[in-house]
There are 2 protein chains.
Amino acid sequence: MTDKKQQLIQTALHLFYTKGAGQVGINEIISTSGVAKKTLYAYFASKDDLILACLRERHDVFMAWLCDELEGANDIKSTYFQLFSALDKWFNCQVPSLAQFRGCFFINTAAEFQEYNPDITAYCAYHKNQVKALLNRHLQGGSQHELERLFTLSEGAIVSAFMLKNSDIAKSFLR
Amino acid sequence: MTDKKQQLIQTALHLFYTKGAGQVGINEIISTSGVAKKTLYAYFASKDDLILACLRERHDVFMAWLCDELEGANDIKSTYFQLFSALDKWFNCQVPSLAQFRGCFFINTAAEFQEYNPDITAYCAYHKNQVKALLNRHLQGGSQHELERLFTLSEGAIVSAFMLKNSDIAKSFLR
DNA sequence: ATGTAGGTAGACAGAGTGGTCTACTTAAGA
DNA sequence: TCTTAAGTAGACCACTCTGTCTACCTACAT
């Protein structure tokens, strides 16, 4: 992975996440990153291709963080507690690696692209399934119902925190 | 409210909801509705103004439907049951007035516009607060915690149903 | 009969888009 | 020293977008 390629992904991810992928043009990514347009198109076939790379990057960072936060959780109670403690930190911008909280990058991006680019929405769905699978691994022997409930509640918390600018919503599930 | 104005709102709402507001141009709304561009700009100051009118229209329709579905619910149990029964119908496209399920129009639109137009995101937040207030009226004397939980779970269900194309998710909360 | 309100059709301006291409620069290895 | 790879700057193309404007067309009330 070249220096310039990573530089582009980092810059683009930051801009896409904070403004929405549709609101950010190639030229803005160019000028912000200080990388030439030709170089961008040497590494990425198209803007959509760059968006996909950003989704993958975000997925890796997010999963690494969440894995870490859930470490040691091995039943419904501890998983529930550690999950919402983690979300609370995220919502309150105490996780540098996730950048300033702007909702879920995957939900936001999927909402923007809908049917327009199936690869993008498919990757967003993949991400959510991976999160769900991770939770499942911690709910050792828990019921499918418990998993569904925990996952759905966390999705709702992310959306609510973003839309209602209620960064303390995760706290209300910690008691 | 003129005939043409309503016609524009209905057409635009349909296109915005199914494709995403950013993916739909004025010209598409014009040609689909059969109304002249000049007429559109006689009723709406801008595209954003039209989007706001669509959000208001959707809000009215959605709230009328939800009010109806929750009628008679007067405690946590009945509200919970009636809410997820309603969501299940919505997800499975059994509610003609809400059109084919495409996630929450307000979440999707807020995700697209983020900080770009504060009026739009503010209206999306307003909608969610109205839904929350409606739920609260049915949880007579219920705790704040119960309300938060119910609302958050329903938000999560809407997002999951859309992203994971899992239209039966609401059913898993009905047992 | 004529003026007016409300409409249509569509050309047009101005800005912005993604993406391509040429010409130039730099650094390193043979 | 010469070649090659990687990068820069930015002009440029073809296209799309919102929004404006002119010219024309009814229907109807005075």
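Per chain, numbering begins at 1; letters A, B, ... match sequence-line order.
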For a quick check, tell me whether the side chain of B:Lys37 and the base of C:dG10 share a donor-acceptor pair closer than 3.5 Å.
no

Taking the six-membered ring of B:Tyr17 as reference, does the NZ or CZ atom of B:Arg58 fall below 6.0 Å from its centre and within a 45° cone about the axis?
yes

Rounded to the Å, how far apart are A:Lys47 NZ and C:dG19 C1'?
12 Å

Winner on side-chain proximity to A:Ile26, out of C:dG18, C:dG7, D:dT8, is C:dG18

Considering only C:dG7, D:dT18, D:dG19, which nucleotide approaches the side chain of B:Thr39 most closely?
C:dG7

Rounded to whole angstrom units, what separation is found between the CG atom of B:Asp48 and the C1' atom of D:dT18?
10 Å

Counting only N and O atoms by type, is there a donor-acceptor contact under 3.5 Å from the side chain of B:Gln140 to the main-chain atoms of B:Asp75?
no

Between B:Gln10 and B:Glu57, a side-chain donor and acceptor under 3.5 Å:
yes

Would you check if the distance from the ring center of A:His59 to the ring center of A:Tyr126 is below 6.0 Å?
yes

Nearest-Å distance for atom pair NZ/P, residues A:Lys19 and C:dT17
10 Å

Assert: residue with more 5' nearest nucleotide on DNA chain C, out of A:Lys38 and A:Val24, is A:Val24

Measure the distance from CG on A:Leu40 to P on D:dG10 and round it to the nearest whole Å.
17 Å

Given C:dG7, C:dG18, D:dT8, the nucleotide with the shortest approach to the side chain of A:Tyr41:
C:dG18

With respect to the side chain of A:Lys4, which nucleotide from C:dG18, D:dG7, D:dG19 is positioned closest?
D:dG7

Grab the CG-C1' distance between B:Leu50 and D:dT18 for me, whole Å please.
12 Å

Return the nearest nucleotide to the side chain of B:Val35; candidates are D:dG7, C:dT8, C:dG18.
C:dT8

Nucleotide D:dG19, atom C1' - distance to CD1 of B:Ile51 in whole Å
14 Å

Nearest whole angstrom, please: distance from the P of D:dT18 to the CD of A:Gln23.
12 Å

Using ring centroids (six-membered ring only for Trp), state whether B:Trp90 and B:Phe84 fall under 6.0 Å.
no

Can you tell me how far C1' of D:dT8 sits from CG of A:Asn27, to the nearest Å?
15 Å

How is A:Phe44 classified with respect to the nucleic acid when contacts are heavy atoms under 4.0 Å: base, sugar-phosphate, or nothing?
nothing

If the cut-off is 4.0 Å, is A:Tyr43 near the phosphate of D:dG7, judged by side-chain N/O to OP1 or OP2?
yes

